[in-house]
Amino acid sequence: MESYDFKKIEKKWAQKYEEFSGYRGIDVENDKEKFYMLTEFPYPSGSGLHVGHAFAMTAADVYARFQRMQGKNVMFPMGWDAFGLPTENFAIKSGKNPKEITKEVTDNFRYQMKNLGFSFDWDREINSTSPEYYKWTQWIFTKLFEKGLAEKKEMPINWCPKDKIGLANEEVIDGKCERCGTEAEKRTISQWVVKITDYADRLINGLYDTEFIEKVRAAQINWIGKKEGVKIRFKIKNKEIIGWIPDQVGNDSKEADFDIDEIEVFTSRPDTLEGATFLVLAPEHPIVQELRNSRTQELKKIEEFLASIKNKTEIERTDLTKEKSGVFTGLTAINPITGKEIPVWTADYVLMSYGTGAIMAVPSHDERDKEFALKYKLPVDDEYIPDEKMIGEVIRRGVGDKAVTYHLRDWIFSRQHYWGEPIPMVYCENCAMDVVDTGGRGGPPLQGGWQVVPLEQLPVVLPEVEKYLPTDTGESPLANIKEWVETTCPKCGGKAKRETDTMPNWAGSDWYFLRYCDPHNTDVLADQKKMEYWLPVDVYVGGDEHNTLHLLYSRFIYQFLWDLGVVPKNIPEPYKKRVSHGVILGPDGNRMSKSKGNVIVPDEFVEKYGADSLRTYLMFMGPFDATMAWNERSLIGVKRFIEKFYNLIGTYAGKDTVSDVESKRILNKLIKRADENLVAFKFNTVIAKLMETVNALSKPGFRVNADDLGSMIKVLAPFAPFVAEELWEKIGGEFSLHGQPWPEVDEKYLVDEKVKVSVAINGKMRAVIEVAAGAEESEVVTLAKLEEKVAKYLNEGKILKTIYVKDRMLNFVME
RNA sequence: GCCGAGGUGGCGAAAUGGUAGACGCACUAGCUUUAGGAGCUAGCGGGAGCAAUCCCGUGGAGGUUCAAGUCCUCUCCUCGGCACCA
């Protein structure tokens with residue numbers, strides 16, 4: 001038999017698999033159990049598929065192949081999540097069209113994936129940037145709007161004053177613009193916001209219908225961060241300082257835009273209310289903002305303070321190790337229980353996005369409040385005792401109500417960028433006049449003029465532009481295309497303007513798993529019957545970085561579609577099981593990055609050692625969810641194993657018709673281990689067992705027939721599909737190995753005739769004896785006492801008791 | 001800071017509360033004379049000993065148990081996520 005020629009083998013079978021139907025999921029095959037295996041569709045970047053992708057996808061592929069061999073109808077699809085900043089930035093730099101860039105890059109990714117032998121169902125390939133796909137992404141948004149879950153709001157963004165563009169968090173390095181180094185600012189602009197918070201409770205409760213690994217479930221629950229407590233209202237004593245605004249001359253005064261005579265705080269510890277000695281407002285709190293228009297004596301200090309914290313991130317502001325800063329607002333409030341007058345401050349450590357944006361400070365109880373009180377010499381009340389009955393008291397007196405707050409915030413859905421789905425909305429001045437919707441505050445109508453683009457007019461196709469850079473005003477470059485912006489109102493037919501913001505990357509990935517069920521449908525996002533068959537996703541493999549945002553957004557969208565009746569009523573949650581994969585570090589033990597020059601690209605190693613070796617190595621590196629450093633020597637070791645396997649089959653093939661009992665034992669133990677560990681994503685130990693098996697059977701004296709060799713090849717098949725197929729052919733198997741049933745364990749070969757029992761004295765191992773399997777305690781004790789070493793220790797004292805664990809160990813407890 | 005995960009040989013790692021270090025890499029010795037990242041045999045946690053064997057050993061300190069890497073308490077350290085990267 002010739003030696004292992006991976007290039008020849010992989011080329012030969014890759015060609016055959018192009019025509020192979022066994023990797024296609026069959027839409028509605030009721031005779032078979034379905035299995036929907038999903039792995040995150042990648043963002044196709046210019047540098048190609050890297051080894052991290054290869055790792056996650058190999059694991060998913062191994063699992064999908066294993067499920068297929070269990071006789072299931074497996075859907076294992078792949079696609080491209082191709083909208084996003086890196087492509088846009090590359091387009092800006094190179095002047096190339098993002099559409100063309102995406103085409104080149106996805107072609108490369110697909111080629112790499114095929115080289116790696118992934119058994120994706122390519123008939124279901126999707127691309128989030130194709131109009132046929134984003135038509136439905138847009139449609140979902142129109143539904144969100146119609147159901148009142150999307151609205152325009154003033155929201156802060158990072159802003160570079162020099163480049164005059166909005167910046168992503170990632171583009172702000174140490175508070176500076178990544179491109180030009182200018183200090184970034186916070187700026188408020190009108191943005192689309194989606195009210196995911198309306199679904200907060202359902203997003204928590206739904207988790208109990210899933211089998212997510214505990215870590216992921218915890219991540220989601222913590223992210224939603226539900227906290228029950230009380231909202232307490234503190235009367236403002238001197239509200240007149242807010243309500244007084246100077247006119248242009250500076251003499252007369254007029255009323256503020258809104259009237260406020262109390263401050264509402266949220267607390268999860270109302271029992272400490274008596275100890276509240278001051279209040280703190282978030283700097284963004286409307287009262288603080290209103291004070292800036294007033295002529296309070298503190299104005300200058302307030303302005304200085306606001307300027308000083310303007311560019312701090314929330315993480316910096318809430319970091320307990322960093323010094324807090326704040327300033328007195330000039331306002332005085334009244335503690336509703338003690339009746340005492342307490343000062344109102346504003347400080348960076350209170351966030352507008354949580355609770356009511358205001359807290360009651362209890363320095364005697366809360367570390368942060370204490371630190372702040374000490375720094376600014378604010379009163380501390382050490383005397384009071386927290387009182388459980390305070391909740392009742394607060395409610396009875398009408399100064400507060402039970403309330404729930406969430407860490408989860410509404411989802412900012414607008415991006416002022418080109419390379420995203422256009423938000424399918426049109427603003428009509430004319431219609432705006434008809435609707436009096438002032439957002440409750442007076443002023444111009446907010447939502448009334450917005451009209452959704454109806455389904456018949458979808459998709460709103462992303463137009464070609466000259467320049468991909470955002471405009472000077474921070475608007476998307478789409479704003480420069482007059483003929484596109486100017487349109488007619490779908491409601492009144494008059495002149496109207498299109499929204500020029502695009503959607504965030506998440507929009508396309510929220511629902512992609514639905515589209516895989518029916519990727520070519522032109523009438524609906526996917527056919528109900530098909531979704532009913534395939535859903536829920538049985539296993540979803542992804543990274544930790546997506547365990548909160550992507551996973552939560554996508555569960556939210558699913559629940560929303562469920563409410564609309566668009567997805568099957570009997571399936572309330574989209575994903576049955578979520579598992580998160582580990583990370584591959586560079587050879588130097590650091591995270592892979594271009595700047596460190598430690599990025600591993602799989603192609604090179606496919607070329608050098610073959611896809612089978614690479615895949616098997618990736619699965620052998622360590623636990624599926626661990627962080628592991630790349631090591632080429634180890635990969636070479638795995639290749640040696642595959643060569644050994646190849647040679648082993650070669651020496652046995654066709655020689656014997658009967659396997660000996662010892663070989664049967666070894667093989668059945670292998671299958672048992674593979675069964676148990678594959679289900680549990682413990683791939684590394686399956687490969688270790690395969691290695692042990694090959695090592696054992698490579699020793700002389702074994703007889704193994706073709707059937708048993710076949711079983712062994714089947715265990716290898718999910719990991720090293722090409723060479724396994726080749727070996728399967730060599731032993732006379734029928735194409736394709738990957739459609740064959742998984743081998744069954746023959747229980748009778750799992751029982752050994754003799755077992756090794758370790759003998760301990762007072763818990764210390766002193767000897768190992770061989771006894772017949774299933775031997776009784778008395779028998780084993782007798783045998784153990786015959787052992788010279790054991791007898792020596794037993795002679796030294798009295799046996800108090802013996803403990804025997806069948807077929808495993810015997811412990812003599814002595815004085 | 002908050003939340004989460006994790007600390008086991010020179011390295012990657014195995015271990016239903018029951019012989020710690022399976023399997024792989026590296027290394028050492030011997031064989032083989034091997035064009036191509038070779039192959040085979042043996043060894044390989046630390047210490048003592050010619051040896052049989054004995055002692056120590058899973059970040060650290062306590063505890064539970066006949067028995068602890070595994071369970072409990074405290075502690076130290078490392079890594080990951082943190083809402084406009086995807």
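No experiment lies behind these values; they were computed from the predicted model shown. Just so we're on the same page: letters track the sequence lines, and every chain starts at 1.
As rounded to the nearest Å, B/rG21 and B/rU75 have P atoms that lie 33 Å from one another. Comparing the C1' positions of B/rC66 and B/rG1 gives an interatomic distance of 46 Å, to the nearest angstrom. Here, B/rU70 and B/rG17 have their C1' atoms 7 Å apart, quoted to the whole Å. As rounded to the nearest Å, B/rG36 and B/rG18 have P atoms that lie 47 Å from one another. If you take atom C1' in B/rG80 and the same atom in B/rU32, they sit 49 Å apart, rounded to whole Å.
The residues A/Lys375 and A/Glu371 are annotated as not salt-bridged, no charged nitrogen and carboxylate oxygen being separated by less than 4.0 angstrom. With respect to A/Glu777 and A/Lys806, no salt bridge is recorded, no charged nitrogen being found less than 4.0 Å from a carboxylate O. At a threshold of 4.0 Å, the pair A/Lys215-A/Asp544 counts as salt-bridged, since one of the basic side-chain nitrogens sits closer than that to a carboxylate oxygen. Residues A/Lys152 and A/Glu499 are paired through a salt bridge, judged by an N-O separation under 4.0 Å between the basic side chain and the carboxylate. Ion pairing between A/Lys7 and A/Glu607 holds under the 4.0 Å rule for side-chain N and carboxylate O. Between A/Glu788 and A/Lys792 there is no salt bridge, since no side-chain N of the basic residue sits under 4.0 Å from a carboxylate O of the acidic one.
Spacing between atom CD of A/Glu214 and atom P of B/rG4 amounts to 11 Å, rounded to whole angstrom units. When the P atom of B/rC27 is taken as reference, atom CD1 of A/Ile636 falls 11 Å away, rounded to whole Å. Rounded to whole Å, the distance from NZ on A/Lys756 to C1' on B/rA22 is 14 Å. Summarising the geometry, the separation between CD1 on A/Ile221 and C1' on B/rC3 is reported as 13 Å, rounded to the nearest angstrom. Here B/rC85 presents its C1' atom at 10 Å from CD of A/Glu178, a figure rounded to the nearest Å. For the pair A/Lys699 NZ and B/rC40 C1', the computed distance is 12 Å after rounding to whole Å. Separating the NE2 atom of A/His550 from the C1' atom of B/rA86 is a distance of 10 Å, rounded to the nearest angstrom. Here B/rU16 presents its P atom at 17 Å from CG of A/Asp807, a figure rounded to the nearest Å.
Closest approach to the A/Leu85 side chain among B/rC82, B/rA86, B/rC25 is made by B/rA86 (side chain taken as heavy atoms from C-beta onward). Of the candidate nucleotides B/rA83, B/rC25, B/rA86, B/rA83 has the atom nearest to the side chain of A/Asn169. The side chain of A/Tyr43 lies closest to B/rA86 when the candidates are B/rA26, B/rA86, B/rC84. Distances from the side chain of A/Ile803 to the nucleotides B/rA22, B/rC85, B/rC66 place B/rC66 closest. Residue A/Asn695 has its side chain nearest to B/rG24 when only B/rA26, B/rG24, B/rA83 are considered. Comparing B/rC85, B/rA83, B/rG39 against the side chain of A/His407 picks out B/rA83 as the nearest. The side chain of A/Asn222 has B/rG4 as its nearest neighbour among B/rA22, B/rG81, B/rG4. The side chain of A/Val813 lies closest to B/rC66 when the candidates are B/rC66, B/rA86, B/rC84. Across B/rC25, B/rC82, B/rC23, the shortest atom-to-atom separation from the side chain of A/Met691 is found for B/rC23. For A/Lys215, the side-chain atoms get nearest to B/rG4 when compared with the rest of B/rG4, B/rA83, B/rA86.
Among the atoms of the strands shown, base atoms are found under 4.0 Å from some heavy atom of A/Ile157. At a threshold of 4.0 angstrom between heavy atoms, the contacts of A/Glu632 include nucleobase atoms, whether or not backbone atoms are also involved. A/Leu408 comes within 4.0 angstrom of a nucleotide base, judged by non-hydrogen atoms across all strands. When heavy atoms are screened at a 4.0 angstrom cut-off, A/Trp223 is found touching base atoms of the nucleic acid. Counting any heavy atom pair closer than 4.0 Å across all strands shown, A/Asp81 reaches sugar-phosphate atoms only and no base atom. Contacts of A/Glu545 with the nucleic acid, taken as non-hydrogen atoms under 4.0 Å apart, include base atoms. Nucleic acid contact class of A/Arg591 (heavy atoms, under 4.0 Å, all strands): sugar-phosphate only. Using a 4.0 Å heavy-atom distance criterion, A/Thr802 is classed as making no nucleic acid contact.
Contact annotation: A/Arg633 side-chain N/O to B/rA26 OP1/OP2 distance is under 4.0 Å.
In this view, A/His53 and A/His50, A/Phe109 satisfy the ring pair (Phe, Tyr, Trp, His ring centres under 6.0 Å) rule, not counting sequence neighbours. Partners of A/Asp675 by salt bridge (Lys or Arg N to Asp or Glu O under 4.0 Å), not counting sequence neighbours: none found.
B/rG60 has its base anti relative to the sugar, with a glycosidic angle deviating from 0 by more than 90°.
Residue side chain A/Tyr609 reaches the base of B/rG37 through a donor-acceptor N/O pair under 3.5 Å, judged by distance alone. Between the side chain of A/Gln191 and the base of B/rC84, at least one donor-acceptor pair of N or O atoms lies under 3.5 Å. For a distance-only test at 3.5 Å, the side chain of A/Lys639 fails to qualify as a donor-acceptor partner of the base of B/rG37. Counting atom types as modelled, A/His546 pairs a side-chain N or O with a base atom of B/rA86 as donor and acceptor under 3.5 Å.
A donor-acceptor pair shorter than 3.5 Å can be found between the side chains of A/Thr87 and A/Tyr43. The closest side-chain donor-acceptor pair between A/Thr102 and A/Trp80, if any, does not fall under 3.5 angstrom. Side-chain contact check for A/Ser476 and A/Asp501: no donor-acceptor pair (N or O, by modelled atom type) lies under 3.5 Å.
Judged as a side chain to side chain donor-acceptor pair (under 3.5 Å), the pairs with a partner in residues 218-227 of chain A (not counting sequence neighbours) are, in order, A/Asp201-A/Lys226, A/Gln220-A/Arg555.
Between the side chain of A/Ser634 and the main chain of A/Asn631, no donor-acceptor pair closer than 3.5 Å is present.
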Between protein and nucleotides 11-14 of chain B, what N or O pairs are separated by less than 3.5 Å?
residue, atom, partner, partner atom, Å
B/rG12, O2', A/Met621, O, 2.6
B/rA14, OP1, A/Asn684, ND2, 2.9

For this session: Could you please spell out the steps behind the side chain to side chain contact (heavy atoms under 4.5 Å, CB included) verdict for A/Trp192 and A/Trp411?
Result: CA-CA 8 Å; A/Trp192 286 101; A/Trp411 175 13; over 6 Å; no

Exercise. How far apart are the C-alpha atoms of A/Lys669 and A/Leu750, what are their side-chain angles, what is the distance that settles it, and do they pass the side chain to side chain contact (heavy atoms under 4.5 Å, CB included) test?
Worked result: CA-CA 6 Å; A/Lys669 282 178 184 168; A/Leu750 293 180; 4.0 Å; yes

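Comparing A/Lys644 and A/Asn158 along RNA chain B, the residue whose closest nucleotide (by nearest heavy atom) sits nearer the 5' end is A/Lys644.
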Exercise. How would RNA chain B look in dot-bracket form, 5' to 3', counting Watson-Crick and G-U wobble pairs with both distances under 3.5 Å and writing | for bases paired to another strand?
Worked result: (((((((..(((.....[....))).(((((.......))))).((((....))))..(((((..]....))))))))))))....

Exercise. Could you write nucleotides 48-55 of chain B as a row of B, S and -, 5' to 3', where a protein heavy atom under 4.0 Å of any base atom gives B, of only sugar-phosphate atoms gives S, and otherwise -?
Worked result: ------SS

